[in-house]
Amino acid sequence: MPELPEVETVRRVLLSIIPRSPILDIRILTPKILQNVTPDEFCTRLTGEVLEDIQRRGKYLILLYTHEVLVSHLRMEGRYQFEENLEPTKHDHILFVWQEGILAYHDTRKFGTMHLFRREEDIWKMNPLQKLGPEPMDEIMSVSYLKKCFQKRKRAIKSTLLDQTIMSGLGNIYVDEILFRARIHPLRPASSLNDEEITQIISHSSSVLQEAIACGGTTIRTFAIGTIHGRFQHELQIHGKNECPICHTTIKKIVVGGRGTYHCKNCQCIDKSPSL
DNA sequence: CAGGTCTCCTGCTAGC
DNA sequence: TGCTAGCAGGAGACCT
């Protein structure tokens, strides 16, 4: 499933393959993907537009066209595929048509979303971007910032790190990896973390994401984004594993905030006393 | 405001 | 072999 590193990879690939010519036509096969505009409005406003740039914030793709901004979230299984001659299948929902070919938004579970804004609108003050917190590698990310966020939160650190309004970009798999590297139990109340542990979280969040971005960029086929296979899955230490790579204890899978959560009960102690 | 639960959706799998 | 119930999960809605 696409998380920040995958979205960043998609951003780079889309930048390289989307034609810099006017969109000739748009076909909406599944209207529910569109969040804040009608299908008619979406087609009218984007037809004739030319892509200028693509940005990313957290897991959102931000496509800047001449007069419009398309904000796309891939959720679980969303992906884009560009082909010269594309015959839509049952999971293709939105088609962007150029002289040079067709870009299809493909999403088996239809969880993905698209928002459309005008360039003059301040998208950072509107949903869904307005509530996003800083990314782990942003300058304003600091121990004092997170400490303040964690202060009144008694909920599990795992759930807290998945909250995109506090820190954006982390998904289920990466949070497990970060907490394992930081040796923090996923059920620890966020408010119980000390400065040293928060420092560890920031540093591992940043390094896990950057390693994953570096891996994601290596195995892309530039002609079809639907077939990205990142290398980072081979670097996972805890998520989906059976045995702890450090102490060889059997890894526990529990449910935290409704999310499958892997941790080593030996290396990631529930109380603060060091277990190594 | 914090936080828990439900919802969306469909492919996959465990169990019969 | 074939069927079905249940599960997975990001983020927003809704309730306490």
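Numbered from 1 within each chain, the chains take letters A, B, ... in sequence-line order.
In terms of phosphate contacts, K32(A) brings a side-chain nitrogen or oxygen within less than 4.0 Å of OP1 or OP2 of dC9(B). Distances shorter than 4.0 Å separate some side-chain N or O of K90(A) from OP1 or OP2 on dG11(B). Taking side-chain N and O atoms only, K154(A) has no distance below 4.0 Å to OP1 or OP2 of dA2(B). Contact annotation: H91(A) side-chain N/O to dT10(B) OP1/OP2 distance is not under 4.0 Å.
Closest to the Y60(A) side chain, of the nucleotides dG11(B), dG12(C), dC9(B), is dG12(C). Side-chain atoms of K110(A) lie closest to dT10(B) of the nucleotides dT10(B), dG10(C), dG3(B).
Judged by Watson-Crick or G-U wobble contacts below 3.5 Å, the nucleotide dG6(C) has dC12(B) as its partner. Pair assignment for dT5(B): dA13(C), on the basis of Watson-Crick or G-U wobble contacts that are both within less than 3.5 Å.
In plain terms, the two heavy atoms of N266(A) and C247(A) that are nearest each other are ND2-SG, 3.2 Å. For the residue pair M126(A) and E121(A), the shortest heavy atom distance occurs at CE-OE2, 3.6 Å.
Residue contacts for K253(A): at a heavy-atom cut-off of 4.0 Å it reaches the sugar-phosphate backbone alone, with no base atom in range.
For dG9(C), the base has a donor-acceptor partner in the side chain of R109(A) [N/O atoms by modelled type, under 3.5 angstrom].
Here the side chain of Q151(A) pairs no donor or acceptor atom with the backbone of K147(A) at under 3.5 angstrom.
Using a 3.5 Å distance cut-off with no hydrogens or angles, the side chains of H106(A) and H93(A) do not pair a donor with an acceptor.
The 5' end of DNA chain B is approached more closely, in terms of each residue's nearest nucleotide, by R155(A) than by the other of R259(A) and R155(A).
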